[in-house]
Amino acid sequence: MKIRTQWGRSWEVGISKNPRFYYMEKSGWDKFVRDNTLGNNEFITFTHKGNMHFTLNIFKLDGKEMMQPPESRALLASSSRIKTEQGEDDKKEEVVSELSYRGRTTAAKSNGRKKAAEESQESKKTEKVVRARRDYAGASSSTATEFTSLVKQGYLKFLRLRTSVAKDHMPDEKTMFKIHHPNGKKCWDVVYLGRFGVFSGGWSRLVKEYPLVVGDTCKFTFIKPEELLLVVSKP
């Protein structure tokens, strides 16, 4: 099985069976416990997302939910002000397709540099944004994680996020997001493709029903790990 925390990090845990029940294998489960410094009477809920993928909610002894990895709490506390992402230069924005990704290559590096880069990348993944569980109607822009995107012609079919937004705030795998209208009466299920950093399936329907047009500025605010509030500003 694959288990994933609210801050985006995941672990693979083997499942075995004895004559009476199934159980998690010690090696994978112990690594998860160590990585999150657990073992002090925490309470964990597992939500099955299909294909043996589970999301976890970890609650401490006082009943409060852990929304960030223990090792990054001090760092996140010192950088609580999160910058709002601005639109990219027109020349750097392109229509996403698999072909554009097939052409990407990475320069060869020495084993030592490669190992250091991998360790750095893993560290960044453990420090993903804290997505507080709050009612979207009362979410404050001064505390909630947010980013913006300018709607262009190609973005009426799917919306590509800036690389920094996708890397720092979004999941690495295919995920279903629920996007809310600020009036609280409408919401849309939209597929996010972590491989490409785009909202795809369901996005065109949102564009028609919201509605969105070329030139609009979309402001997204996290209200739950996989839910966003969308506020649109006209030019």
Side-chain angles (χ1 to χ4, degrees), residues 1-13 15 23-50 52-85 121-147 164-180 182 184 187 189-190 192 194 219-231:
M1 64 188 294
K2 188 171 184 178
I3 56 178
R4 178 175 177 171
T5 57
Q6 295 297 316
W7 48 90
R9 188 174 177 186
S10 60
W11 292 260
E12 290 186 355
V13 180
I15 301 295
Y23 62 92
M24 297 181 188
E25 294 181 358
K26 183 177 177 64
S27 58
W29 178 253
D30 281 359
K31 177 172 174 53
F32 163 75
V33 171
R34 288 196 306 271
D35 289 348
N36 294 283
T37 62
L38 302 181
N40 188 25
N41 296 313
E42 294 85 4
F43 179 81
I44 303 176
T45 64
F46 296 76
T47 303
H48 189 217
K49 296 296 185 178
M52 291 300 289
H53 283 64
F54 295 80
T55 57
L56 305 184
N57 299 86
I58 306 173
F59 298 89
K60 296 179 291 184
L61 188 59
D62 60 6
K64 294 182 179 179
E65 184 176 2
M66 288 177 56
M67 298 298 294
Q68 61 193 58
E71 61 271 21
S72 64
R73 288 173 187 166
L75 175 61
L76 289 174
S78 66
S79 58
S80 59
R81 297 182 60 188
I82 304 175
K83 296 181 179 179
T84 301
E85 300 293 343
Q121 183 66 20
E122 185 66 21
S123 175
K124 291 179 180 178
K125 288 181 180 179
T126 63
E127 296 174 0
K128 283 195 171 183
V129 65
V130 177
R131 299 160 184 173
R133 292 178 175 270
R134 58 172 64 85
D135 179 71
Y136 66 84
S140 169
S141 60
S142 64
T143 58
T145 301
E146 60 187 39
F147 58 91
S164 57
V165 171
K167 182 178 180 181
D168 294 338
H169 306 316
M170 303 299 286
D172 298 327
E173 58 193 24
K174 181 178 177 181
T175 304
M176 180 68 76
F177 272 82
K178 187 176 290 294
I179 300 179
H180 296 269
C187 64
D189 291 327
V190 181
Y192 175 74
K219 178 181 177 182
F220 297 90
T221 303
F222 277 99
I223 55 178
K224 287 185 179 181
E226 295 171 3
E227 293 189 35
L228 295 163
L229 173 66
L230 172 57
V231 177

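Everything numeric here is computed off the predicted structure, so don't read it as measured data. One-based numbering along the sequence shown.
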Under 4.5 Å between any side-chain heavy atoms of Trp7 and Met66, yes or no?
yes
Working to the nearest 0.5 angstrom, can you tell me the gap between Met1 CE and His53 NE2?
10.5 Å
Any sub-3.5 Å donor-acceptor pair from Gln6's side-chain atoms to Leu56's backbone N or O?
yes
Interatomic distance, CD@Glu146 vs CG@Leu229, rounded to 0.5 Å, equals 10.0 Å
All side chain to side chain donor-acceptor pair (under 3.5 Å) counterparts of Glu173, not counting sequence neighbours
Arg4
Residues in side chain to side chain donor-acceptor pair (under 3.5 Å) contact with Lys178, at least two apart in sequence or another chain:
Asp189
Under a 4.5 Å cut-off applied to non-hydrogen side-chain atoms, are Tyr192 and Met170 in contact?
yes
Test item: Ile58 and Met67 side chains (from C-beta on) under 4.5 Å apart, heavy atoms
no
Derivation of the side chain to side chain contact (heavy atoms under 4.5 Å, CB included) call for Trp11 and Thr5:
CA-CA 9 Å; Trp11 292 260; Thr5 57; 3.5 Å; yes
Taking the side chain as C-beta and beyond, is there a heavy-atom pair between Phe46 and Asn57 under 4.5 Å?
no
Determine whether Phe59 and Ile44 make a side-chain contact, defined as any pair of heavy atoms from C-beta on separated by less than 4.5 Å.
no
Correct closest heavy-atom pair for Ile223 and His180 would be CD1-CD2, 3.4 Å
Determine the minimum heavy-atom distance between Val13 and Trp29, stating which atoms define it.
CG1-N, 3.9 Å
Would you say that Phe220 contacts Ile179 through its side chain, given a criterion of any heavy-atom pair below 4.5 Å between the two side chains?
yes
Which residues satisfy the salt bridge (Lys or Arg N to Asp or Glu O under 4.0 Å) test with Lys174, sequence neighbours excluded?
none
With Lys49 via side chain to side chain donor-acceptor pair (under 3.5 Å) - residues at least two apart:
none
Across all chains, not counting sequence neighbours, the ring-ring contact (aromatic ring centres under 6.0 Å, His included) partners of Phe54 are His48
Close side-chain approach of Ser10 to Ile3, heavy-atom, < 4.5 Å:
no
Taking the side chain as every heavy atom from C-beta outward, state whether Lys60 and Glu65 have any pair of such atoms under 4.5 Å apart.
no
Glu25 meets the side chain to side chain donor-acceptor pair (under 3.5 Å) criterion, sequence neighbours left out, with Ser16
Going from CZ on Phe222 to CD on Glu227, what distance comes out if it is rounded to the nearest 0.5 angstrom?
11.0 Å
Any chance you could measure Phe177, atom CZ, to Leu230, atom CG, to the nearest 0.5 Å?
13.0 Å
